[in-house]
K.L.:
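Pasting a structure below so you can have a look.
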Amino acid sequence: MESVAVLIVGAGPAGLATAACLSQFAIPYVIVERESCSASLWRNRAYDRLKLHLAKEFCELPHMSYPVDAPTYIPKNLFVKYLDDYVEHFNIQPKYLTYVESSTYDNDEKCWSIVAKDMSKCTTVKFTAKFLVVASGENSAENIPMIPGLESFPGDVIHSSSYKSGKSYSGKNVLVVGSGNSGMEIAYDLATHGANTSVVIRSPIHVMTKVLIRLGMTLAHHLPLNLVDKLLVMVAYLIFGDQSRHGITRPKMGPMTLKAETGRSAVIDVGTVGLIKKGIIKVQGSISKIKGNIVKFQCSKRISFDAIVFATGYKSTANIWLKNGESMLNGNGLPIQKYPNHWKGENGLYCAGLARRGLAGIAADAKNIANDIKSLIDSMSS
(Lines give C-alpha, C1' and ligand atoms only; values in the text may rest on other atoms or scores of the structure.)
Protein backbone atom coordinates (compact mmCIF):
# COMPACT_ATOMS: atom_id res chain seq x y z
CA MET A 1 0.00 0.00 0.00
CA GLU A 2 1.47 3.34 -1.08
CA SER A 3 0.09 6.47 0.57
CA VAL A 4 0.24 9.61 -1.60
CA ALA A 5 -1.07 13.17 -1.33
CA VAL A 6 -2.33 13.30 -4.92
CA LEU A 7 -2.87 10.48 -7.41
CA ILE A 8 -3.17 11.56 -11.06
CA VAL A 9 -4.66 9.00 -13.45
CA GLY A 10 -3.37 9.53 -16.99
CA ALA A 11 -0.12 10.92 -18.44
CA GLY A 12 -1.55 12.73 -21.43
CA PRO A 13 -1.34 16.53 -21.66
CA ALA A 14 -3.94 16.93 -18.84
CA GLY A 15 -2.07 14.70 -16.40
CA LEU A 16 1.31 16.22 -17.27
CA ALA A 17 -0.03 19.78 -16.87
CA THR A 18 -1.54 18.93 -13.47
CA ALA A 19 1.74 17.35 -12.34
CA ALA A 20 3.69 20.45 -13.42
CA CYS A 21 1.32 22.79 -11.56
CA LEU A 22 1.51 20.67 -8.39
CA SER A 23 5.30 20.68 -8.59
CA GLN A 24 5.27 24.50 -8.56
CA PHE A 25 3.84 24.27 -5.04
CA ALA A 26 6.09 21.33 -4.07
CA ILE A 27 2.98 19.15 -3.57
CA PRO A 28 3.95 15.46 -3.86
CA TYR A 29 2.01 13.35 -6.36
CA VAL A 30 2.08 10.03 -8.20
CA ILE A 31 0.99 9.80 -11.83
CA VAL A 32 -0.07 6.46 -13.34
CA GLU A 33 -0.50 5.71 -17.04
CA ARG A 34 -1.85 2.52 -18.63
CA GLU A 35 0.25 2.89 -21.82
CA SER A 36 4.03 2.51 -22.09
CA CYS A 37 4.59 6.22 -22.81
CA SER A 38 3.15 9.66 -22.10
CA ALA A 39 0.67 11.25 -24.53
CA SER A 40 0.02 7.95 -26.34
CA LEU A 41 -2.93 9.41 -28.26
CA TRP A 42 -0.65 12.00 -29.89
CA ARG A 43 2.28 9.64 -30.27
CA ASN A 44 0.55 6.51 -31.54
CA ARG A 45 -3.03 7.29 -32.57
CA ALA A 46 -2.77 10.46 -34.67
CA TYR A 47 -2.54 10.64 -38.46
CA ASP A 48 0.71 11.76 -40.08
CA ARG A 49 -0.39 15.14 -41.45
CA LEU A 50 -1.99 16.32 -38.20
CA LYS A 51 -1.18 19.81 -36.95
CA LEU A 52 -2.72 21.51 -33.92
CA HIS A 53 -5.84 23.22 -35.25
CA LEU A 54 -5.42 26.26 -33.03
CA ALA A 55 -2.58 28.79 -33.01
CA LYS A 56 0.24 28.00 -30.59
CA GLU A 57 -0.69 30.75 -28.13
CA PHE A 58 -3.89 28.77 -27.34
CA CYS A 59 -2.06 25.43 -27.06
CA GLU A 60 0.60 25.88 -24.39
CA LEU A 61 0.66 23.93 -21.16
CA PRO A 62 1.28 25.87 -17.91
CA HIS A 63 4.70 27.28 -17.06
CA MET A 64 6.43 26.41 -20.35
CA SER A 65 6.21 28.12 -23.74
CA TYR A 66 7.02 26.73 -27.16
CA PRO A 67 10.47 27.50 -28.60
CA VAL A 68 10.54 31.02 -30.10
CA ASP A 69 11.07 29.63 -33.61
CA ALA A 70 8.07 27.24 -33.41
CA PRO A 71 5.54 27.67 -36.27
CA THR A 72 2.15 29.23 -35.52
CA TYR A 73 0.40 25.88 -36.03
CA ILE A 74 2.38 23.13 -34.36
CA PRO A 75 2.76 19.83 -36.28
CA LYS A 76 2.20 16.54 -34.44
CA ASN A 77 5.89 15.59 -34.13
CA LEU A 78 6.84 19.01 -32.74
CA PHE A 79 4.01 18.82 -30.20
CA VAL A 80 5.20 15.40 -29.04
CA LYS A 81 8.73 16.84 -28.70
CA TYR A 82 7.28 19.73 -26.64
CA LEU A 83 5.57 17.22 -24.34
CA ASP A 84 8.80 15.21 -23.96
CA ASP A 85 10.67 18.42 -23.05
CA TYR A 86 7.85 19.27 -20.63
CA VAL A 87 8.20 15.90 -18.87
CA GLU A 88 11.97 16.40 -18.58
CA HIS A 89 11.73 20.04 -17.47
CA PHE A 90 9.33 19.28 -14.60
CA ASN A 91 10.93 15.90 -13.83
CA ILE A 92 7.61 14.11 -14.24
CA GLN A 93 8.06 10.35 -13.74
CA PRO A 94 4.85 8.48 -14.59
CA LYS A 95 4.38 4.88 -13.52
CA TYR A 96 3.80 3.46 -17.00
CA LEU A 97 1.84 0.28 -17.82
CA THR A 98 -0.13 0.83 -14.63
CA TYR A 99 -3.83 0.37 -15.13
CA VAL A 100 -6.36 1.56 -12.53
CA GLU A 101 -8.93 -1.16 -11.86
CA SER A 102 -10.98 0.65 -9.23
CA SER A 103 -11.02 3.68 -6.98
CA THR A 104 -13.45 4.20 -4.13
CA TYR A 105 -13.79 6.83 -1.44
CA ASP A 106 -13.26 5.61 2.11
CA ASN A 107 -15.57 7.68 4.31
CA ASP A 108 -13.94 6.47 7.53
CA GLU A 109 -10.36 7.24 6.52
CA LYS A 110 -11.37 10.30 4.43
CA CYS A 111 -9.22 9.26 1.48
CA TRP A 112 -9.40 7.52 -1.89
CA SER A 113 -8.52 3.83 -2.07
CA ILE A 114 -7.14 2.90 -5.48
CA VAL A 115 -6.38 -0.57 -6.85
CA ALA A 116 -4.16 -0.69 -9.94
CA LYS A 117 -2.44 -3.38 -11.99
CA ASP A 118 1.26 -3.12 -12.86
CA MET A 119 1.14 -4.80 -16.26
CA SER A 120 4.92 -5.11 -16.60
CA LYS A 121 5.17 -7.17 -13.39
CA CYS A 122 1.64 -8.64 -13.41
CA THR A 123 1.18 -7.44 -9.84
CA THR A 124 -1.53 -5.48 -8.02
CA VAL A 125 -0.57 -2.06 -6.67
CA LYS A 126 -2.66 -0.27 -4.05
CA PHE A 127 -2.67 3.44 -3.25
CA THR A 128 -4.42 5.67 -0.77
CA ALA A 129 -4.69 9.31 -1.83
CA LYS A 130 -6.09 12.42 -0.19
CA PHE A 131 -6.80 13.86 -3.63
CA LEU A 132 -7.63 12.03 -6.88
CA VAL A 133 -7.31 13.65 -10.33
CA VAL A 134 -9.06 12.02 -13.29
CA ALA A 135 -6.85 12.94 -16.26
CA SER A 136 -7.49 9.84 -18.35
CA GLY A 137 -9.06 11.97 -21.06
CA GLU A 138 -12.30 12.19 -22.99
CA ASN A 139 -10.47 10.30 -25.77
CA SER A 140 -9.59 7.11 -23.93
CA ALA A 141 -11.71 4.64 -25.95
CA GLU A 142 -12.62 4.59 -29.64
CA ASN A 143 -16.27 5.20 -30.44
CA ILE A 144 -17.64 3.25 -33.43
CA PRO A 145 -21.43 3.47 -33.86
CA MET A 146 -23.59 0.37 -34.21
CA ILE A 147 -24.63 0.11 -37.88
CA PRO A 148 -26.77 -2.82 -39.03
CA GLY A 149 -24.67 -5.17 -41.18
CA LEU A 150 -21.28 -3.58 -40.38
CA GLU A 151 -19.94 -6.98 -39.34
CA SER A 152 -20.63 -8.26 -42.89
CA PHE A 153 -18.44 -5.61 -44.55
CA PRO A 154 -15.51 -7.48 -46.18
CA GLY A 155 -13.12 -4.52 -46.55
CA ASP A 156 -11.00 -2.53 -44.10
CA VAL A 157 -12.93 -1.02 -41.18
CA ILE A 158 -10.77 1.26 -39.03
CA HIS A 159 -11.19 4.02 -36.48
CA SER A 160 -9.47 7.34 -37.22
CA SER A 161 -7.03 6.57 -34.37
CA SER A 162 -5.54 3.79 -36.56
CA TYR A 163 -5.39 5.92 -39.72
CA LYS A 164 -1.93 7.19 -40.69
CA SER A 165 -1.97 8.07 -44.39
CA GLY A 166 -4.01 7.66 -47.59
CA LYS A 167 -1.08 6.11 -49.50
CA SER A 168 -2.39 2.55 -49.21
CA TYR A 169 -5.89 3.54 -50.37
CA SER A 170 -5.01 4.94 -53.81
CA GLY A 171 -7.62 3.92 -56.39
CA LYS A 172 -9.95 2.46 -53.75
CA ASN A 173 -13.47 3.55 -52.83
CA VAL A 174 -13.29 4.82 -49.26
CA LEU A 175 -16.07 6.10 -47.01
CA VAL A 176 -15.23 8.43 -44.12
CA VAL A 177 -17.93 8.48 -41.45
CA GLY A 178 -17.83 11.70 -39.43
CA SER A 179 -17.42 15.34 -40.40
CA GLY A 180 -15.46 16.80 -37.51
CA ASN A 181 -11.91 18.03 -37.97
CA SER A 182 -10.44 14.51 -38.14
CA GLY A 183 -13.02 13.22 -40.61
CA MET A 184 -12.74 16.19 -42.97
CA GLU A 185 -8.94 16.15 -42.89
CA ILE A 186 -8.76 12.38 -43.42
CA ALA A 187 -11.15 12.75 -46.39
CA TYR A 188 -8.81 15.38 -47.85
CA ASP A 189 -5.76 13.18 -47.25
CA LEU A 190 -7.42 10.19 -48.92
CA ALA A 191 -8.52 12.24 -51.94
CA THR A 192 -5.06 13.76 -52.43
CA HIS A 193 -3.60 10.24 -52.36
CA GLY A 194 -5.92 9.17 -55.18
CA ALA A 195 -8.71 7.43 -53.27
CA ASN A 196 -12.31 7.78 -54.50
CA THR A 197 -13.51 9.45 -51.34
CA SER A 198 -16.94 9.98 -49.80
CA VAL A 199 -17.65 11.61 -46.44
CA VAL A 200 -20.78 11.20 -44.33
CA ILE A 201 -22.03 14.58 -43.05
CA ARG A 202 -25.01 13.91 -40.80
CA SER A 203 -25.45 17.22 -39.01
CA PRO A 204 -24.86 20.94 -39.59
CA ILE A 205 -21.25 22.15 -39.21
CA HIS A 206 -19.44 25.48 -39.22
CA VAL A 207 -16.56 25.54 -41.69
CA MET A 208 -13.87 28.08 -40.83
CA THR A 209 -10.23 28.81 -41.63
CA LYS A 210 -7.43 28.65 -39.06
CA VAL A 211 -7.02 32.42 -39.33
CA LEU A 212 -10.74 32.99 -38.65
CA ILE A 213 -10.73 30.80 -35.55
CA ARG A 214 -7.59 32.51 -34.26
CA LEU A 215 -9.30 35.88 -34.81
CA GLY A 216 -12.46 34.66 -33.08
CA MET A 217 -10.59 33.35 -30.03
CA THR A 218 -8.69 36.63 -29.75
CA LEU A 219 -11.80 38.81 -30.13
CA ALA A 220 -13.71 36.66 -27.59
CA HIS A 221 -11.54 38.20 -24.86
CA HIS A 222 -12.86 41.67 -25.74
CA LEU A 223 -16.33 41.32 -27.33
CA PRO A 224 -19.58 39.44 -26.62
CA LEU A 225 -19.63 35.95 -28.20
CA ASN A 226 -22.75 36.62 -30.28
CA LEU A 227 -21.00 39.58 -31.92
CA VAL A 228 -17.87 37.53 -32.61
CA ASP A 229 -20.08 34.77 -34.05
CA LYS A 230 -21.84 37.15 -36.44
CA LEU A 231 -18.50 38.40 -37.73
CA LEU A 232 -17.07 34.88 -38.18
CA VAL A 233 -20.17 33.57 -39.99
CA MET A 234 -20.23 36.60 -42.30
CA VAL A 235 -16.55 36.26 -43.26
CA ALA A 236 -16.87 32.46 -43.61
CA TYR A 237 -19.75 33.02 -46.05
CA LEU A 238 -17.57 35.39 -48.10
CA ILE A 239 -14.80 32.78 -48.21
CA PHE A 240 -16.80 29.58 -48.78
CA GLY A 241 -20.14 30.80 -50.14
CA ASP A 242 -23.39 28.88 -49.73
CA GLN A 243 -22.39 25.25 -49.20
CA SER A 244 -25.90 23.84 -48.72
CA ARG A 245 -26.12 22.54 -52.29
CA HIS A 246 -22.98 20.52 -51.58
CA GLY A 247 -24.54 18.90 -48.51
CA ILE A 248 -23.02 21.21 -45.88
CA THR A 249 -25.38 23.30 -43.76
CA ARG A 250 -24.60 25.64 -40.85
CA PRO A 251 -25.90 25.23 -37.29
CA LYS A 252 -28.26 27.93 -36.01
CA MET A 253 -25.91 28.59 -33.09
CA GLY A 254 -22.73 30.54 -33.90
CA PRO A 255 -19.33 28.77 -33.87
CA MET A 256 -17.96 30.29 -30.64
CA THR A 257 -21.25 29.87 -28.74
CA LEU A 258 -21.60 26.29 -30.02
CA LYS A 259 -18.14 25.45 -28.70
CA ALA A 260 -18.83 27.17 -25.37
CA GLU A 261 -22.20 25.48 -24.80
CA THR A 262 -21.81 22.02 -26.35
CA GLY A 263 -18.06 21.45 -26.79
CA ARG A 264 -18.55 20.97 -30.55
CA SER A 265 -15.78 22.62 -32.56
CA ALA A 266 -16.00 24.33 -35.93
CA VAL A 267 -14.34 22.43 -38.77
CA ILE A 268 -11.12 24.11 -39.81
CA ASP A 269 -10.83 23.65 -43.56
CA VAL A 270 -7.58 22.21 -44.93
CA GLY A 271 -8.82 22.14 -48.53
CA THR A 272 -11.65 19.62 -48.15
CA VAL A 273 -14.42 22.09 -49.07
CA GLY A 274 -12.69 22.94 -52.36
CA LEU A 275 -12.52 19.25 -53.27
CA ILE A 276 -16.19 18.81 -52.32
CA LYS A 277 -17.16 21.73 -54.57
CA LYS A 278 -15.19 20.15 -57.45
CA GLY A 279 -16.94 16.82 -56.89
CA ILE A 280 -13.66 15.08 -56.03
CA ILE A 281 -14.97 14.31 -52.53
CA LYS A 282 -18.63 13.21 -52.44
CA VAL A 283 -20.89 14.12 -49.51
CA GLN A 284 -23.25 11.40 -48.30
CA GLY A 285 -26.04 11.47 -45.73
CA SER A 286 -26.72 9.05 -42.87
CA ILE A 287 -26.14 5.33 -43.34
CA SER A 288 -29.18 3.06 -42.90
CA LYS A 289 -27.43 -0.32 -43.25
CA ILE A 290 -24.55 -2.24 -44.78
CA LYS A 291 -24.78 -5.48 -46.75
CA GLY A 292 -21.46 -6.95 -47.81
CA ASN A 293 -19.49 -4.17 -49.48
CA ILE A 294 -22.65 -2.17 -50.29
CA VAL A 295 -23.50 0.76 -48.05
CA LYS A 296 -27.13 1.84 -48.18
CA PHE A 297 -27.83 5.45 -47.22
CA GLN A 298 -31.09 6.82 -45.83
CA CYS A 299 -31.78 8.54 -49.14
CA SER A 300 -31.89 4.99 -50.65
CA LYS A 301 -28.59 5.51 -52.46
CA ARG A 302 -26.42 2.34 -52.59
CA ILE A 303 -22.65 2.56 -53.09
CA SER A 304 -19.90 -0.07 -53.03
CA PHE A 305 -16.84 0.65 -50.86
CA ASP A 306 -13.48 -1.02 -50.26
CA ALA A 307 -12.84 0.60 -46.87
CA ILE A 308 -14.61 2.56 -44.14
CA VAL A 309 -12.85 4.99 -41.79
CA PHE A 310 -14.83 5.91 -38.67
CA ALA A 311 -13.89 9.44 -37.57
CA THR A 312 -16.62 9.24 -34.95
CA GLY A 313 -14.64 10.34 -31.94
CA TYR A 314 -13.91 8.79 -28.61
CA LYS A 315 -15.49 8.28 -25.23
CA SER A 316 -14.31 8.56 -21.65
CA THR A 317 -13.70 5.32 -19.73
CA ALA A 318 -13.42 6.94 -16.29
CA ASN A 319 -16.76 5.49 -15.16
CA ILE A 320 -15.42 1.95 -15.57
CA TRP A 321 -12.90 2.36 -12.75
CA LEU A 322 -14.11 5.40 -10.78
CA LYS A 323 -16.65 4.61 -8.07
CA ASN A 324 -18.17 7.38 -5.90
CA GLY A 325 -17.58 9.89 -8.69
CA GLU A 326 -21.25 10.85 -9.11
CA SER A 327 -20.59 14.33 -7.73
CA MET A 328 -18.44 15.14 -10.75
CA LEU A 329 -19.08 12.82 -13.72
CA ASN A 330 -22.26 11.74 -15.52
CA GLY A 331 -23.04 8.30 -16.97
CA ASN A 332 -20.78 8.99 -19.97
CA GLY A 333 -17.77 9.78 -17.80
CA LEU A 334 -17.98 13.52 -18.58
CA PRO A 335 -18.45 16.45 -16.17
CA ILE A 336 -21.91 17.13 -14.77
CA GLN A 337 -21.20 20.80 -14.10
CA LYS A 338 -20.84 23.14 -17.05
CA TYR A 339 -17.60 24.96 -17.77
CA PRO A 340 -16.00 26.68 -15.86
CA ASN A 341 -17.14 24.76 -12.74
CA HIS A 342 -16.71 21.27 -14.17
CA TRP A 343 -13.28 20.40 -12.74
CA LYS A 344 -14.13 19.79 -9.07
CA GLY A 345 -16.16 17.06 -7.39
CA GLU A 346 -16.55 16.13 -3.73
CA ASN A 347 -14.06 14.56 -1.30
CA GLY A 348 -10.90 15.74 -3.07
CA LEU A 349 -11.97 14.51 -6.52
CA TYR A 350 -10.98 16.49 -9.63
CA CYS A 351 -10.92 16.12 -13.41
CA ALA A 352 -8.59 17.70 -15.95
CA GLY A 353 -9.15 17.81 -19.70
CA LEU A 354 -12.75 16.58 -19.78
CA ALA A 355 -14.51 19.85 -20.69
CA ARG A 356 -13.88 19.69 -24.47
CA ARG A 357 -11.88 22.89 -24.30
CA GLY A 358 -8.68 21.66 -25.91
CA LEU A 359 -5.23 22.42 -24.59
CA ALA A 360 -6.23 25.86 -23.27
CA GLY A 361 -8.94 24.16 -21.21
CA ILE A 362 -6.43 21.60 -19.94
CA ALA A 363 -4.07 24.38 -18.82
CA ALA A 364 -6.90 26.16 -16.96
CA ASP A 365 -8.04 22.91 -15.29
CA ALA A 366 -4.50 22.06 -14.14
CA LYS A 367 -3.97 25.49 -12.58
CA ASN A 368 -7.39 25.42 -10.86
CA ILE A 369 -6.80 21.95 -9.43
CA ALA A 370 -3.30 22.72 -8.12
CA ASN A 371 -4.45 26.02 -6.58
CA ASP A 372 -7.42 24.33 -4.90
CA ILE A 373 -5.33 21.45 -3.51
CA LYS A 374 -2.75 23.92 -2.21
CA SER A 375 -5.40 26.00 -0.42
CA LEU A 376 -6.92 22.85 1.14
CA ILE A 377 -3.52 21.57 2.30
CA ASP A 378 -2.70 25.02 3.72
CA SER A 379 -6.00 25.15 5.62
CA MET A 380 -5.40 21.63 7.04
CA SER A 381 -1.98 22.60 8.38
CA SER A 382 -3.01 25.96 9.82
Side-chain angles (χ1 to χ4, degrees), residues 47 53 138-139 141-153 155-163 169 173-191 195-208 233 236-237 240-255 257-259 261-291 293-316 332 334 356:
Y47 45 93
H53 292 119
E138 58 195 18
N139 298 337
E142 299 164 358
N143 180 42
I144 293 182
M146 301 288 288
I147 297 173
L150 178 60
E151 70 285 350
S152 73
F153 186 76
D156 285 352
V157 176
I158 64 166
H159 187 266
S160 58
S161 59
S162 300
Y163 179 90
Y169 295 100
N173 295 339
V174 186
L175 178 65
V176 179
V177 182
S179 56
N181 277 302
S182 294
M184 295 294 263
E185 189 158 355
I186 286 170
Y188 177 83
D189 190 60
L190 284 162
N196 303 313
T197 309
S198 290
V199 61
V200 170
I201 300 181
R202 293 168 292 181
S203 50
I205 54 173
H206 283 290
V207 179
M208 299 277 146
V233 168
Y237 187 84
F240 297 107
D242 180 7
Q243 302 162 72
S244 58
R245 62 196 173 97
H246 302 290
I248 302 172
T249 57
R250 281 199 187 93
K252 289 186 171 67
M253 203 179 281
T257 307
L258 190 69
K259 179 66 178 173
E261 295 197 5
T262 70
R264 281 179 56 205
S265 299
V267 170
I268 297 171
D269 184 52
V270 294
T272 313
V273 171
L275 297 186
I276 287 171
K277 285 180 175 177
K278 289 176 184 173
I280 295 169
I281 294 174
K282 308 284 193 301
V283 172
Q284 311 295 349
S286 296
I287 299 169
S288 58
K289 65 179 178 181
I290 295 171
K291 189 170 183 182
N293 65 346
I294 303 295
V295 176
K296 185 180 177 185
F297 297 93
Q298 284 182 358
C299 61
S300 299
K301 199 187 292 183
R302 297 165 183 260
I303 305 173
S304 167
F305 289 100
D306 302 304
I308 303 174
V309 180
F310 282 96
T312 41
Y314 298 83
K315 51 193 174 187
S316 165
N332 296 318
L334 295 171
R356 296 180 174 167

K.L.:
State which residue, out of Ile308, Val200, Leu190, fulfils the side-chain contact (heavy atoms from CB on, under 4.5 Å) condition with Val176.
P.N.:
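In the set Ile308, Val200, Leu190, the residue that makes a side-chain contact (heavy atoms from CB on, under 4.5 Å) with Val176 is Leu190.
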
K.L.:
Side chains of Ser160 and Tyr47: closer than 4.5 Å at any heavy-atom pair?
P.N.:
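No - every pair of side-chain heavy atoms lies 4.5 Å or more apart.
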
K.L.:
Would the distance check show the side chain of Asp306 and the main-chain N or O of Asn173 forming a donor-acceptor pair, the cut-off being under 3.5 Å?
P.N.:
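At least one qualifying donor-acceptor pair exists.
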
K.L.:
Rounded to the nearest 0.5 Å, how far apart are CD of Gln243 and CG of Asp269?
P.N.:
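If I round to the nearest 0.5 Å, the distance is 8.0 Å.
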
K.L.:
Does the side chain of Tyr163 reach to within under 4.5 Å of the side chain of Ser182, using non-hydrogen atoms?
P.N.:
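No, too far: nothing below the 4.5 Å cut-off.
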
K.L.:
Does the His246 side chain pair with the main chain of Lys278, one donor and one acceptor, at a distance under 3.5 Å?
P.N.:
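No: the side chain of His246 does not pair with the backbone of Lys278.
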
K.L.:
Report yes if the side chains of Val199 and Val283 come closer than 4.5 Å at any heavy-atom pair, otherwise no.
P.N.:
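Contact flag for Val199/Val283 side chains = yes.
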
K.L.:
Donor-acceptor pair, distance only, cut-off 3.5 Å: does the side chain of Ser152 make one with the backbone of Gly149?
P.N.:
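Answer holds: yes.
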
K.L.:
With no hydrogens and no angle check, just 3.5 Å: does a side-chain donor-acceptor pair link Asn143 and Thr312?
P.N.:
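Side chains of Asn143 and Thr312: no pair found under 3.5 Å.
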
K.L.:
Any heavy-atom pair between the side chains of Asn332 and Ser316 that's under 4.5 Å?
P.N.:
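Not touching, per the 4.5 Å side-chain cut-off.
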
K.L.:
Less than 4.5 Å apart, side chain to side chain, heavy atoms only: is that true for Thr197 and Leu275?
P.N.:
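No. Closest side-chain heavy atoms not under 4.5 Å.
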
K.L.:
Write down the atom of Met208, the atom of Ala236, and the distance for their closest heavy-atom approach.
P.N.:
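What the structure gives for the nearest pair is CE-CB, 3.7 Å.
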
K.L.:
For Ala191 and Ile280, work out which heavy atoms get closest and say how close.
P.N.:
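In terms of heavy atoms, the two residues are closest at CB-CG2, 4.2 Å.
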
K.L.:
Using a 3.5 Å distance criterion without hydrogens, assess whether the side chain of Lys282 forms a donor-acceptor pair with backbone atoms of Gly279.
P.N.:
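Such a contact is found between Lys282 side chain and Gly279 backbone.
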
K.L.:
Do you know which two heavy atoms are closest between Gly285 and Phe297, and how far apart they sit?
P.N.:
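Minimum heavy-atom contact is O-CD2, 3.3 Å.
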
K.L.:
Distance-only, no hydrogens or angles: does the His206 side chain make a donor-acceptor pair with backbone N or O of Met253 under 3.5 Å?
P.N.:
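Checked: pair present.
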
K.L.:
Once you round to the nearest 0.5 Å, how far does CZ of Arg264 lie from OG of Ser203?
P.N.:
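Arg264 CZ to Ser203 OG: 5.0 Å, rounded to 0.5 Å.
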
K.L.:
Between Leu258 and Pro251, what is the shortest heavy-atom contact and its length?
P.N.:
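In terms of heavy atoms, the two residues are closest at CD2-CG, 4.1 Å.
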
K.L.:
Do the side chains of Pro204 and Arg250 get nearer than 4.5 Å, heavy atoms only?
P.N.:
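No, side chains not in contact.
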
K.L.:
For Ala311 versus Gly183, what's the shortest heavy-atom pair and its separation?
P.N.:
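Closest heavy-atom pair between Ala311 and Gly183: CB-CA, 3.4 Å.
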
K.L.:
Would you compute the distance between atom CG of Asp242 and atom OG1 of Thr249 and round it to the nearest 0.5 angstrom?
P.N.:
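With rounding to 0.5 Å, CG (Asp242) is 10.0 Å from OG1 (Thr249).
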
K.L.:
Look at the side chain of Asp156 and the backbone N and O of Ala307, then say whether any donor-acceptor pair between them is shorter than 3.5 Å.
P.N.:
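No, because the side chain of Asp156 does not come within donor-acceptor range (under 3.5 Å) of the backbone of Ala307.
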
K.L.:
Any non-hydrogen side-chain atom of Phe153 less than 4.5 Å from a side-chain atom of Leu175?
P.N.:
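Contact flag for Phe153/Leu175 side chains = no.
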
K.L.:
Starting from the C-alpha separation in whole Å, work towards a yes-or-no answer on side chain to side chain contact (heavy atoms under 4.5 Å, CB included) for Gln284 and Val295.
P.N.:
CA-CA 11 Å; Gln284 311 295 349; Val295 176; over 6 Å; no

K.L.:
Would you give the length of the straight line joining atom OG1 of Thr272 to atom NZ of Lys277, rounded to the nearest 0.5 angstrom?
P.N.:
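One gets 12.0 Å once the value is rounded to the nearest 0.5 Å.
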
K.L.:
Could you check if a side-chain atom of Glu142 sits within less than 4.5 angstrom of a side-chain atom of Phe310, using non-hydrogen atoms only?
P.N.:
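With C-beta onward as the side chain, the pair stays apart.
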
K.L.:
If you measure from CD1 on Ile287 to NZ on Lys296, what distance do you get to the nearest 0.5 Å?
P.N.:
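Here the rounded value is 13.0 Å.
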
K.L.:
Measure across Ile158 and Tyr169 and return the closest heavy-atom pair with its distance rounded to 0.1 Å.
P.N.:
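So the minimum-distance heavy-atom pair works out to CD1-OH, 3.7 Å.
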
K.L.:
Measuring from atom NZ of Lys259 to atom CZ of Arg356, what distance do you get when rounded to the nearest 0.5 angstrom?
P.N.:
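Lys259 atom NZ to Arg356 atom CZ measures 8.5 Å (nearest 0.5 Å).
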
